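Just so you know, residue 1 is the first one in the sequence shown, and it goes up from there. The shown structure was predicted, so the numbers you read here are calculated from the model rather than taken from an experiment.
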Amino acid sequence: MSILIHPTAIVDPEAELGEDVEVEPYSIIEKNVKIGKGTKIGPQVLLKEWTTIGKDCTIGKGVIIGAFPQDVRFNGERSFVRIGDRNLIREYVTIHRGTKEESTTQIGNDNFLMAYAHIAHNCKIEDGVVIANAGSLAGYVTVEKKVMISGLVGIHQYVRIGAYSIIGGCSKVTKDVPPYVRVDGHPSTVQGLNSVGLCRAHFSLKTRSILKKAYKILFKSGLNTTQALKRIDEELELIPEIKHLCEFIKNSQRGICKT
């Protein structure tokens, strides 16, 4: 096993480092941290206690992972950050641990968090998500797979971002973003179907056509949300993407972004 730790780095003996992990100058890794095989820790990184990072991740300069949540109710309970495999986390990103005892801030696999992004306590990010520079997620935000969050976006606590959606730069997001759509603005409104993203993700022409029909019923028909969902159920083929879209909207606690 080959672990490369720069002489200026401080690694607690109780930290667990996998094979081929590299730790660059002046980084600090506390006890009860676990780092998977092949992960690269850049310079001046701080990995706080109860952080787990998977395999083949790259952590940029000045990143802080596992710091106490910015929550006045936090009293020092044990909580966690768990990060999956092949994540690219660029300079000065901050990721905070859960705020309630034994709770977790969770990041999946193959995500790209650009410089100065902030992930607050108890967020859940699925796979293949991109968060551009200075995108900020407040507490308990859920981001489903393959979402694109542009630069300088602010997302309110408890908001959910649906799969394959895209949020335009500098947007203020205070309501749930339905899957497969484009939103933009301050506050954010739905601008259309994320057609380019769906093409790039290799959705079939049939699927994209059905989603387009669902979009028109939801946002262009003049029906309220309950009526629109009923009409979709009656008129459209209930392919998995339509089922997911409808369930996401039905389960919304904050309401969804509208046009």
Side-chain angles (χ1 to χ4, degrees), residues 84-90 93 107-115 117 119 123-137 141-156 159-221 225 228-229 232 236-252 254-259:
D85 301 333
R86 299 176 303 279
N87 292 288
L88 176 55
I89 301 176
R90 290 296 299 266
V93 168
I107 297 175
N109 304 317
D110 303 299
N111 299 294
F112 184 9
L113 310 184
M114 298 186 193
I119 312 301
C123 286
K124 180 181 179 182
I125 297 175
E126 295 186 358
D127 300 335
V129 171
V130 176
I131 302 178
N133 300 71
S136 294
L137 278 57
V141 168
T142 297
V143 183
E144 295 184 342
K145 65 182 180 180
K146 297 291 185 179
V147 167
M148 171 65 197
I149 298 173
S150 301
L152 299 169
V153 168
I155 301 179
H156 196 280
V159 162
R160 299 180 304 146
I161 311 297
Y164 295 94
S165 60
I166 182 169
I167 302 173
C170 301
S171 293
K172 172 186 175 183
V173 185
T174 60
K175 293 182 179 292
D176 292 350
V177 175
Y180 316 114
V181 303
R182 294 183 287 114
V183 301
D184 192 26
H186 195 277
S188 292
T189 57
V190 174
Q191 305 291 312
L193 199 65
N194 184 19
S195 301
V196 173
L198 295 176
C199 286
R200 289 176 175 171
H202 307 294
F203 281 77
S204 68
L205 180 61
K206 175 185 175 181
T207 297
R208 286 182 277 133
S209 177
I210 296 172
L211 285 171
K212 187 173 183 179
K213 292 175 182 177
Y215 170 82
K216 289 181 177 179
I217 293 171
L218 280 166
F219 300 109
K220 299 296 183 181
S221 66
T225 301
L229 290 173
I232 288 170
L236 299 184
E237 181 179 347
L238 297 181
I239 59 175
E241 292 79 9
I242 292 297
K243 291 180 180 178
H244 176 58
L245 175 64
C246 293
E247 286 302 313
F248 182 97
I249 294 171
K250 289 176 183 177
N251 291 330
S252 177
R254 298 188 59 82
I256 61 170
C257 295
K258 298 291 186 68
T259 54

Are [X] and [Y] packed together at the side-chain level, in the sense that at least one heavy-atom pair is separated by less than 4.5 angstrom?
{"X": "Glu126", "Y": "Lys146", "answer": "no"}
{"X": "Ile155", "Y": "Ile161", "answer": "yes"}
{"X": "Ser188", "Y": "Ser171", "answer": "yes"}
{"X": "Ile131", "Y": "Leu137", "answer": "yes"}
{"X": "Val141", "Y": "Ile125", "answer": "no"}
{"X": "Asn87", "Y": "Asp85", "answer": "no"}
{"X": "Val173", "Y": "Val153", "answer": "yes"}
{"X": "Leu218", "Y": "Ile249", "answer": "yes"}

Inter-residue atom distance [X].[atom1] - [Y].[atom2], 0.5 Å rounding:
{"X": "Ser165", "Y": "Arg182", "atom1": "OG", "atom2": "CZ", "value": "12.0 Å"}
{"X": "Ile89", "Y": "Ile107", "atom1": "CD1", "atom2": "CD1", "value": "5.5 Å"}
{"X": "Ile210", "Y": "Ser204", "atom1": "CD1", "atom2": "OG", "value": "7.5 Å"}
{"X": "Lys212", "Y": "Leu198", "atom1": "NZ", "atom2": "CG", "value": "12.0 Å"}
{"X": "Glu247", "Y": "Ile242", "atom1": "CD", "atom2": "CD1", "value": "12.0 Å"}
{"X": "Phe112", "Y": "Arg90", "atom1": "CZ", "atom2": "CZ", "value": "5.5 Å"}

Inspect the contact between [Y] and [X] and indicate whether a charged nitrogen and a carboxylate oxygen are less than 4.0 angstrom apart.
{"X": "Asp110", "Y": "Arg86", "answer": "yes"}
{"X": "Arg254", "Y": "Asp176", "answer": "no"}
{"X": "Lys206", "Y": "Glu237", "answer": "yes"}

Sole residue of Ile256, Thr225, Thr189, Leu193 in side-chain contact (heavy atoms from CB on, under 4.5 Å) with Phe219 = Ile256

Between [X] (side chain) and [Y] (backbone), is there a donor-acceptor pair under 3.5 Å?
{"X": "Asn133", "Y": "Met114", "value": "no"}
{"X": "Ser150", "Y": "Ile167", "value": "yes"}
{"X": "Thr174", "Y": "His156", "value": "no"}
{"X": "Asn109", "Y": "Asp127", "value": "no"}
{"X": "Glu144", "Y": "Ala163", "value": "yes"}
{"X": "Asn111", "Y": "Val129", "value": "yes"}

Do we get Arg160 above Phe248's six-membered ring, with its NZ or CZ under 6.0 Å from the centre and within 45° of the axis?
-> yes

Could you report the tightest heavy-atom contact between [X] and [Y], atom names first, then the distance?
{"X": "Cys170", "Y": "His186", "value": "O-CD2, 4.2 Å"}
{"X": "Val147", "Y": "Gly162", "value": "CG2-O, 3.1 Å"}
{"X": "Lys175", "Y": "Gly255", "value": "CB-O, 3.3 Å"}
{"X": "Ile119", "Y": "Cys123", "value": "CG2-CB, 3.7 Å"}

Do Tyr180 and Tyr215 make the cut of ring centroids closer than 6.0 angstrom?
-> no

Verify side-chain contact (heavy atoms from CB on, under 4.5 Å) between Arg208 and Cys199, making sure each step is shown before the conclusion.
-> CA-CA 8 Å; Arg208 286 182 277 133; Cys199 286; 3.2 Å; yes

